[in-house]
Amino acid sequence: MRIIILELKDIAEIRADFPLLSKKVYNKPLVYFDNGATTQKPQCVLDAIQEVFTSYNGNIHRGIHAMSDMTSEAYENARERVRSFINAARKEEVIFTSGTTGSINSVAFSFGERYVGPGDEIIISNLEHHANIVPWQMMCQRKGASLRIIPVNDDGEILIDEFVKLLSPRTRLVSVTQASNALGTIVPVGEIIRIAHSAGIPVLVDGAQGVQHDVVDVSELDCDFYAFSGHKIYGPTGIGILYGKQKWLEELPPYQGGGDMVEKVTFEKTTYNELPFKFEAGTMNFAGAIGLARALDYVLETGRKDIAAREKMLLDYATGKLAEIRPLKIYGNSKNKISTISFLIDGIHQYDTGTILDKQGIAVRTGTHCAQPVMDRFGIDGTVRISMCFYNTLEEIDTLCTGIEKVIRMFS
Amino acid sequence: MTINEVQDNIISDFSISDDWMDKYDLLIDIGKNLPAIDPRFKTNDYLIEGCQSKVWLRPDYDGQKISFTADSDAIITRGIVALLIKVLSDRTPDEIIGAELYFIDRIGLRQNLSPTRSNGLLAMIRQIKLYAMAYRARKN
């Protein structure tokens, strides 16, 4: 009993950090279960962004004036905090981008230009978000290369043996998600990296659904590239990270040209700036970068291990409660999952379910979750997805289950 | 009944309650009562793009009036397309092209009933009007 009371107190304090969580929709308390799409923001992040524009706004790396200096310093300080958060070896290995999609497109383009030719192969998995499929398809079309797909089993788990069989002398790169946004599967990226490296092949990890759920250490993981988005880890939209090992970033040509990424420009020839600026063309989203760094600090203050433990508790509770609802089927039953659950209610379209849950104040996502090949694998055209994070509560899961019972009554 | 009389009836039906759940119950009922489309018309030719759920809409023109049959794999969407059929089926192309569909806003179909489905709703209306324009052009 004492534990429960302490738990409630802690969670009340956590939730008070997020202004939007106390909002009502349709006159009902908001139950926000769409964190996989975007998370809510703590007040400290909102304050940090506000502070940029009220205290020191100036363009970075350009002005000789105080405002520009202060903003540049805050921006580079943000880079250092991201470096520390993912434990990259060097600050120069941390590139600010617009998000995971921007990061992957950048690598697909630059890596393709430098290393990929006709007949070459790129390996991805059946679990990928479209953002980790389409950029590689575009590059393969340009270069005459092809995609190879690691299959998954009926629980939504990657088949490592099949991955090993896909490796060939033509494999140039492996790009896999750390966790499936559609099914919640945690992918054994460490094992994939070890196997790929033993064949001398670099690996990109799509961390969009991984970085916010547990400790990520790119040095220990030994991945060659790591991408994630700010807005899915309590930071602002429009900012993301591309981590790349220095040796790769040095060799790759830049993705975009523009201001700040150059050393010397003449009409005949341009030489590029050093890392990380070579990959940051134009005025970067410095307010976003500073907001993201504050969000990462918030996650560290909350404790990544505590967040992981709380989310595991929520996942286990929700999985158990949903399993009790008779005509409901969960898609994705991996032993290792992030706190995301995809399901369908027998005979009820996911869109009908999502609509009626919404009217009860419960925000879920419906559809294919930008992962149509995952849906094809299971022979369905979409699911209802709840994606929880540490600020969600057991009571909210109970509210969801009551809401689902109401959906079943209305449509039966 | 004229198009506007049918619209006024629908507005009256949906004003029975302020609770959105009651309105949904009504919409689900309307969806369940929509006459089934002939299964051989549930093909990509009659599929309307722009909806999260699948919607098939088939026109039938007898030289005077156009009648529509439809289906959807989601019941709420079926209710929405059923409302459009109530208002716009068995009308001449000119009636359909000239129709001002005020009932959509008045019963909250656009703002409250289905915020994310607005695109699908607009796609359905556009498709119905396109059929009407095509038949009118063919007649002229």
Side-chain angles (χ1 to χ4, degrees), chain A residues 23-34 37-38 130 182 327 342-372 375-376 378-385 399 402-412, chain B residues 14 16-34 36-37 42-44 46-57 70-83 104 107-124:
Chain A
K23 191 179 165 63
K24 287 193 164 190
V25 284
Y26 312 114
N27 226 8
K28 297 181 171 71
L30 169 67
V31 174
Y32 190 74
F33 278 153
D34 197 18
T38 196
H130 296 163
S342 244
F343 67 87
L344 281 175
I345 305 168
D346 192 26
I348 303 176
H349 195 273
Q350 63 270 12
Y351 211 52
D352 286 331
T353 305
T355 304
I356 298 300
L357 288 177
D358 170 59
K359 284 295 175 291
Q360 299 175 82
I362 305 164
V364 299
R365 183 163 173 189
T366 63
T368 60
H369 319 298
C370 294
Q372 287 172 16
M375 301 298 124
D376 292 343
F378 288 91
I380 51 180
D381 62 2
T383 66
V384 181
R385 181 189 76 177
T399 304
T402 308
I404 290 172
E405 299 285 3
K406 185 168 178 81
V407 169
I408 293 169
R409 279 200 304 279
M410 281 179 80
F411 289 98
S412 58
Chain B
F14 274 83
I16 46 158
S17 168
D18 288 335
D19 185 342
W20 279 105
M21 283 303 169
D22 293 335
K23 295 187 195 236
Y24 271 104
D25 274 330
L26 183 57
L27 196 61
I28 290 165
D29 268 350
I30 293 167
K32 282 179 177 167
N33 290 325
L34 174 69
I37 193 172
K42 282 170 80 166
T43 63
N44 282 343
Y46 297 107
L47 199 60
I48 296 178
E49 304 284 336
C51 311
Q52 229 198 67
S53 49
K54 290 196 176 84
V55 181
W56 298 269
L57 179 80
D71 198 4
S72 171
D73 52 358
I75 295 180
I76 291 173
T77 312
R78 196 150 74 202
I80 290 171
V81 77
L83 287 177
I104 292 168
I107 68 171
L109 207 55
R110 206 192 301 272
Q111 308 94 321
N112 295 310
L113 208 48
S114 53
T116 56
R117 200 183 275 116
S118 285
N119 285 334
L121 175 66
L122 295 180
M124 289 180 225

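Just so you know, these numbers use all the heavy atoms, side chains as well, and skip hydrogens, waters and symmetry mates. On a predicted model such as this, the values are computed, not experimentally measured, just so you know. Sequence lines set the chain letters: A, B, ... in the order given, protein chains first and strands last, and positions in each chain run from 1.
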Engineer: Tell me whether the count of non-hydrogen atoms from other residues, nucleotides or ligands lying under 6.0 Å of CG in B:Asp19 goes above 12.
Structural biologist: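 Yes, enclosed.
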
Engineer: At what distance, to the nearest 0.5 angstrom, does NZ of B:Lys32 lie from CZ of A:Phe411?
Structural biologist: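 If I round to the nearest 0.5 Å, the distance is 8.0 Å.
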
Engineer: For B:Asp73, check salt bridge (charged side-chain N to carboxylate O under 4.0 Å, His left out) against everything at least two apart and list the hits.
Structural biologist: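 Partners of B:Asp73 under the salt bridge (charged side-chain N to carboxylate O under 4.0 Å, His left out) test: none.
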
Engineer: Considering only heavy atoms, which portion of A:Gln360 lies under 4.5 Å from any heavy atom of chain B: side chain, backbone, both, or neither?
Structural biologist: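 For A:Gln360, heavy atoms of backbone and side chain both lie under 4.5 Å from chain B.
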
Engineer: Chain B contacts: which residues in residues 362-371 of chain A have a non-hydrogen atom closer than 4.5 Å to it?
Structural biologist: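 Those residues of residues 362-371 of chain A which have a heavy atom under 4.5 Å from chain B are A:Thr366, A:Gly367.
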
Engineer: Do you know which two heavy atoms are closest between A:His349 and B:Ser53, and how far apart they sit?
Structural biologist: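 Heavy atoms only, the tightest pair is CE1-CB, 3.6 Å.
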
Engineer: With sequence neighbours excluded, tell me which residues meet side-chain hydrogen bond (donor to acceptor under 3.5 Å, both in side chains) with B:Ser17.
Structural biologist: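 Residues passing side-chain hydrogen bond (donor to acceptor under 3.5 Å, both in side chains) with B:Ser17: B:Asp22.
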
Engineer: Give, as side chain, backbone, both or neither, the part of A:Asn27 having an atom under 4.5 angstrom from any heavy atom of chain B.
Structural biologist: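 A:Asn27 has no heavy atom closer than 4.5 Å to chain B.
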
Engineer: Determine the minimum heavy-atom distance between A:Lys359 and B:Met21, stating which atoms define it.
Structural biologist: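 The pair with the smallest heavy-atom distance is CB-CE, 3.6 Å.
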
Engineer: Here's a test for you: under side-chain contact (heavy atoms from CB on, under 4.5 Å), which of A:Thr355, A:Asp352, A:Ile348 qualifies with B:Ile75?
Structural biologist: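 Exactly one option meets the side-chain contact (heavy atoms from CB on, under 4.5 Å) with B:Ile75, and it is A:Asp352.
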
Engineer: State which residues pass ring pair (Phe, Tyr, Trp, His ring centres under 6.0 Å) with A:Phe378; sequence neighbours excluded, sorted by chain then number.
Structural biologist: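 Applying ring pair (Phe, Tyr, Trp, His ring centres under 6.0 Å) to A:Phe378 gives none.
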
Engineer: Heavy-atom distances under 4.5 Å only: say whether A:Ile356 touches chain B with side chain, backbone, both or neither.
Structural biologist: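 The answer is both parts of A:Ile356.
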
